[in-house]
Amino acid sequence: MDYAHSDGVDRTGTSPDRMPTAVKILIAGGFGVGKTTLVGAVSETRPLRTEEVLTEEGHSVDDLSGVETKTTTTVAMDFGRISITDDLVLYLFGTPGQDRFWFVWDELALGALGAVVLADTRRLADCFPSVDYFEKHGTPFVVAVNCFDGARRYELDEVTQALSLDPGVPVVLCDARSRKSGKEVLIAVVEHAMRSHRAVTAASAG
Ligand SMILES: Nc1nc2c(ncn2[C@@H]2O[C@H](COP(=O)(O)OP(=O)(O)OP(=O)(O)O)[C@@H](O)[C@H]2O)c(=O)[nH]1
Ligand SMILES: [Mg+2]
């Protein structure tokens with residue numbers, strides 16, 4: 001797919017100093033699902049992180065099952081940048097995974113073209129709040145199942161059913177540690193968001 005021209009704008013023959021289109025994508029999902037890992041794996045610039053150390057005192061509120069080796073958590077956001085083509089740059093905003101940081105979501109979500117909801121099949125229900133949020137706000141999103149070692153593999157349509165997703169919501173598998181895999185997820189969300197925005201535009205025109 002040629003993203004540069006998919007918005008209907010003819011940019012052939014434009015000057016070499018033209019600015020690429022920049023879009024904002026959110027990386028969301030439950031606690032410890034790999035959001036910071038994904039942003040770090042794909043970002044071309046050194047990612048900005050806001051990590052704090054998980055303390056003993058927090059163990060009663062932070063459910064570490066499945067991610068027992070985790071030592072830090074995101075308290076505000078992750079930020080990274082990746083060029084998909086010469087004409088399209090994505091700015092990635094990773095959300096904090098814990099409920100007590102919900103208050104930053106509305107700020108982070110402002111102006112986002114689309115979102116990735118990362119899911120861990122060992123704790124699938126943890127991504128319900130993210131799915132609910134994007135459904136409620138009409139933000140196009142894809143669900144990316146982060147394939148942790150040893151986690152049970154599910155069929156993609158089992159994930160669709162378990163999360164009661166609209167059948168139009170793409171579900172993909174990924175490895176959040178892999179740049180190639182992360183980039184494929186981002187291409188999936190850009191394609192889905194463009195399809196959704198075109199459908200909305202067509203419906204309001206006709
Ligand atoms: N085996 C495996 N480990 C992973 C994968 N993705 C992330 N991890 C590990 O899982 C832990 C959690 O990853 P983070 O990227 O911090 O998760 P997060 O979603 O940003 O966490 P919060 O910000 O606290 O919600 C880290 O120790 C990662 O190294 C994966 O695909 N496979
Ligand atoms: Mg994080």
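Note that ligands are numbered from 1 as they come in the structure, with each ligand's atoms numbered from 1 the same way. Starting from 1, each residue takes its place in the sequence as its number.
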Can you give the angle T74 OG1 - the Mg ion (ligand 2) - T36 OG1, rounded to 10°?
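The OG1/OG1 angle about the Mg ion (ligand 2) sits at 90°.
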Name the closest protein heavy atom to [atom], giving the residue it belongs to and the distance to 0.1 Å.
atom: atom 14 (P) of ligand 1; value: T37 OG1, 3.5 Å
atom: atom 30 (C) of ligand 1; value: R177 NE, 3.4 Å
atom: atom 16 (O) of ligand 1; value: K70 NZ, 2.9 Å
atom: atom 10 (O) of ligand 1; value: F148 CE2, 3.6 Å
atom: atom 23 (O) of ligand 1; value: T74 OG1, 2.9 Å
atom: atom 25 (O) of ligand 1; value: K35 NZ, 2.8 Å
atom: atom 12 (C) of ligand 1; value: G32 O, 3.7 Å
atom: atom 17 (O) of ligand 1; value: G34 N, 3.1 Å

Could you list the atoms of ligand 1 found under 4.0 angstrom from a heavy atom of [X]?
X: D149; value: 1 (N)
X: T73; value: 22 (P), 23 (O), 24 (O)
X: D175; value: 31 (O)
X: G97; value: 25 (O)
X: V33; value: 17 (O), 18 (P), 19 (O)
X: N146; value: 5 (C), 6 (N), 30 (C), 31 (O)

Check whether any N or O atom of [X], backbone or side chain, sits under 3.5 Å from an N or O atom of ligand 1, and answer yes or no.
X: T36; answer: yes
X: C147; answer: no
X: F31; answer: no

Indicate whether the side chain of D78 and that of T36 have a donor and an acceptor atom separated by less than 3.5 Å.
yes
